[in-house]
Amino acid sequence: MINIEAIKTKLIEVKNPNTQKSLLDENRFKDIHVDGNKVTLVYNRDEITAPQKRDIEDAIVNSLADLVNEDDLFIKTVSTQEAPKSQAEKKTQQQNAQLQVGHGKAAPQKRDIPGVNRIIAVSSGKGGVGKSTVSVNLALALKNAGKKVGLLDADIYGPSVPMLLGERNAKPLATDDKKIAPIEAHGLKFISFGLFIEEKDAVIWRGPMLGGVLNQFLFDVDWGELDYLVLDLPPGTGDVQLSIAQTLKLDGIVGVSTPQDVALLDSRKGFNMFEQVNVPVLGLVENMSYFAPDDMPEKKYYIFGEKGGEAIAKELGYPFLGEVPIEIALRESCDSGNPYMANNSYENRPVWNAYSGIAKKIIELENGGDEEKGFFSKIFKR
């Protein structure tokens, strides 16, 4: 049982940023309740702005870290007046695009993004399967098919899209109406947290802090008119996936796996997560399906196993969108920032044909599909 007096001893460190006095000394803590390992705190937030509230709650979490697991700590507020606006919220002009770092609150209902026709998320239950490479080249394949496409890098901890698109030093600016202007590269509009930090910097954030930045990327970026917005999700089934699924009207998920059993096992978990939050699965892409050598592109070397992705898609009842092989040129394009599907000299090579085929299937889904029309029209019904 956690001792309330021990909690109070730690909370003396948490100060009101306006007075620099302890919240305890100001009698702001209205309730401290302990139930087993779970602790609930209620404090008065009068005269405290939203950014100050986030700072206070971070300080509470840090001060109690030795006593309470963060997942077992619940912080609530009460107030007798409307929360004051911060100086940042009162600003009327700014040049560079800015991000508000802090605990994002969930939207009351799922939202559309104005001007964006279809929103597709690329997901993987396991890291290291090439999901970001698939996201970038799928977005470009859709662009090559005549679509207007945007790309959102939702992997806050490991943003790689700026490198893959050759825009590692780009910095977004703010538009006249105070939105974030996305960077344009190879005919795509894109945004990434990697554009706001140095590449060497580690992002040391708790899960709830990601929500605010993701909401800005979704709703405060000037995406313009797009046929497709492709979201490159981080691996797994954590806070980012849940936040996006609860906040955004997603048209569907494209799952990415490699042929190995361990990757396919995690794919099952990922699909199960999106089923539980009522997000449709458009299908599965098997990445790194085989190696196609430059001197004999018709040859297929199944390094990681054969047809595992197709089998798992059939087992789970989802469409199999296609196999993406390994080519030396694909690896080189990722390292150099010159995406494979942006280079017409690769046309009709195995990787080119694979991504073009996957993009064609996704466009057919939008148009109702040539087969299983009831299933496809159900997927894209808003």
> If you round to the nearest 0.5 Å, how far is CG of Asn215 from OG of Ser243?
Replying inline: 6.0 Å
> Are the side chain of Arg45 and the backbone N or O of Ile48 linked by a donor-acceptor pair below 3.5 Å?
Replying inline: yes
>> I'd like to know if Arg28 and Asp46 make a salt bridge, using a cut-off of under 4.0 Å between side-chain N and carboxylate O.
In response: no
> Does Pro234 offer a backbone N or O that forms a donor-acceptor pair with the side chain of Gln241 under 3.5 Å?
Replying inline: yes
> On the ring face of Tyr290, is Lys300 found with NZ or CZ under 6.0 Å from the centre and within 45° of the axis?
Replying inline: yes
>> Does the plane of the ring in Tyr301 sit parallel, tilted or perpendicular to the ring in Phe291? Use 30° and 60° as the thresholds.
In response: tilted
>> Would you say that more than 12 heavy atoms from the other residues, nucleotides or ligands in this model lie under 6.0 Å from the NZ of Lys179, or not?
In response: yes
> Out of curiosity, Gln216 CD to Phe193 CZ, how far, rounded to the nearest 0.5 Å?
Replying inline: 10.0 Å
>> Donor-acceptor pair, distance only, cut-off 3.5 Å: does the side chain of Asp227 make one with the backbone of Lys148?
In response: yes
> Is a side-chain donor or acceptor of Ser289 paired with a backbone partner of Glu286 at a separation under 3.5 angstrom?
Replying inline: yes
> Side chains of Asp153 and Ile191: does their closest heavy-atom pair fall under 4.5 Å?
Replying inline: no
>> So Leu11 and Ile7, do their side chains get closer than 4.5 Å, heavy atoms only?
In response: yes
>> I need the minimum non-hydrogen distance between Ile253 and Ser123, along with the two atoms involved.
In response: CG2-CB, 3.9 Å
> If only atom types and distance count, is the side chain of Asp232 paired as donor or acceptor with the main-chain N or O of Ser135 below 3.5 Å?
Replying inline: no
>> By the definition side chain to side chain donor-acceptor pair (under 3.5 Å), identify the one residue from Asn44, Thr19, Asn18 that meets it with Glu26.
In response: Thr19
> Looking only at heavy atoms, which two atoms of Val279 and Ala245 are closest? And how far apart?
Replying inline: CG2-CB, 4.0 Å
>> Quick one, Pro259 and Tyr302 - any side-chain contact, counting heavy atoms below 4.5 Å?
In response: no
> Less than 4.5 Å apart, any side-chain heavy atom of Leu248 and any of Arg111?
Replying inline: no
> Please walk me through it: do Asn344 and Trp352 pass side chain to side chain contact (heavy atoms under 4.5 Å, CB included)?
Replying inline: CA-CA 9 Å; Asn344 291 335; Trp352 182 281; 3.5 Å; yes
> Tell me, do Phe29 and Leu23 make a side-chain contact under 4.5 Å, heavy atoms counted?
Replying inline: yes
> Are the side chain of Arg54 and the backbone N or O of Thr49 linked by a donor-acceptor pair below 3.5 Å?
Replying inline: no
>> Could you see if Leu24 belongs to whatever hydrophobic cluster contains Ile75? Use Ile, Leu, Val, Met, Phe, Trp, Tyr and a side-chain cutoff under 4.5 Å.
In response: yes
> side chain to side chain contact (heavy atoms under 4.5 Å, CB included) between Val42 and Thr77: does it pass, once the steps are laid out?
Replying inline: CA-CA 5 Å; Val42 181; Thr77 62; over 6 Å; no
> Which atom pair, heavy atoms only, marks the closest approach of Gly309 to Leu284?
Replying inline: O-CD2, 3.1 Å
> Do the side chains of Val230 and Phe190 get nearer than 4.5 Å, heavy atoms only?
Replying inline: no
> Roughly how far apart are Gln246 CD and Asn278 CG, rounded to 0.5 Å?
Replying inline: 11.0 Å
>> To the closest 0.5 Å, what do you measure between OG1 (Thr9) and CG (Leu64)?
In response: 10.5 Å
>> Using every non-hydrogen atom in the two residues, find where Ile32 and Lys8 come nearest and quote the distance to one decimal.
In response: CD1-CG, 3.9 Å
> How close do Pro339 and Leu140 get, heavy atom to heavy atom, and via which atoms?
Replying inline: CB-CD1, 3.2 Å
>> Could you check whether Glu57 pairs with Lys53 (Lys NZ or Arg NE/NH1/NH2 to Asp/Glu carboxylate O, under 4.0 Å)?
In response: yes
> Donor-acceptor pair, Asn62 side chain versus Asp58 backbone, under 3.5 Å?
Replying inline: yes
> What about Tyr346 and Ile358, same hydrophobic cluster or not, with Ile/Leu/Val/Met/Phe/Trp/Tyr joined at side-chain heavy-atom distances under 4.5 Å?
Replying inline: yes
> Taking all non-hydrogen atoms of both residues, which atom of Leu218 and which atom of Trp223 are closest, and how far apart?
Replying inline: O-NE1, 3.6 Å
>> Any non-hydrogen side-chain atom of Val61 less than 4.5 Å from a side-chain atom of Val68?
In response: no
> Honestly curious: do Ile303 and Val324 fall in one hydrophobic cluster under the side-chain, below-4.5 Å linking rule?
Replying inline: no
> So do the side chains of Val256 and Val122 get within less than 4.5 Å of each other, counting heavy atoms only?
Replying inline: yes
> CE/Met341 to CG/Leu142 distance, rounded to the nearest 0.5 angstrom?
Replying inline: 9.5 Å
>> Go through it in stages, so that I can follow the logic: the residues are Ser356 and Asn353, the test is side chain to side chain contact (heavy atoms under 4.5 Å, CB included), and I'd like the CA-CA distance, side-chain angles, deciding distance and then a yes or no.
In response: CA-CA 5 Å; Ser356 297; Asn353 292 338; 5.5 Å; no
>> side chain to side chain contact (heavy atoms under 4.5 Å, CB included) for Leu226 and Asn117? Distances and angles first, verdict last.
In response: CA-CA 6 Å; Leu226 295 178; Asn117 189 27; over 6 Å; no
>> Taking Lys38's backbone N and O only, do any of them form a donor-acceptor pair with Asp35's side chain (distance below 3.5 Å, no angle check)?
In response: no
> Would one find more than 12 heavy atoms of other residues, nucleotides or ligands at under 6.0 Å from atom CG of Asp31?
Replying inline: yes
> Applying the 4.5 Å side-chain criterion to the ILVMFWY set and letting contacts propagate, would Val129 and Ile326 be lumped into a single cluster?
Replying inline: no
> Does Lys147 use its side chain to pair, donor to acceptor, with the backbone of Tyr228 at less than 3.5 Å?
Replying inline: no
> Do Val351 and Met288 share a hydrophobic cluster (ILVMFWY, side-chain heavy atoms under 4.5 Å, transitive)?
Replying inline: no
> For atom CG of Asp335, is the number of surrounding heavy atoms from other residues, nucleotides or ligands below 6.0 Å larger than 12?
Replying inline: yes
> From Ile60 CD1 over to Lys10 NZ, what is the distance, rounded to the nearest 0.5 angstrom?
Replying inline: 14.5 Å
> Do Asp222 side-chain atoms and Ala181 backbone N/O form a donor-acceptor pair below 3.5 Å?
Replying inline: no
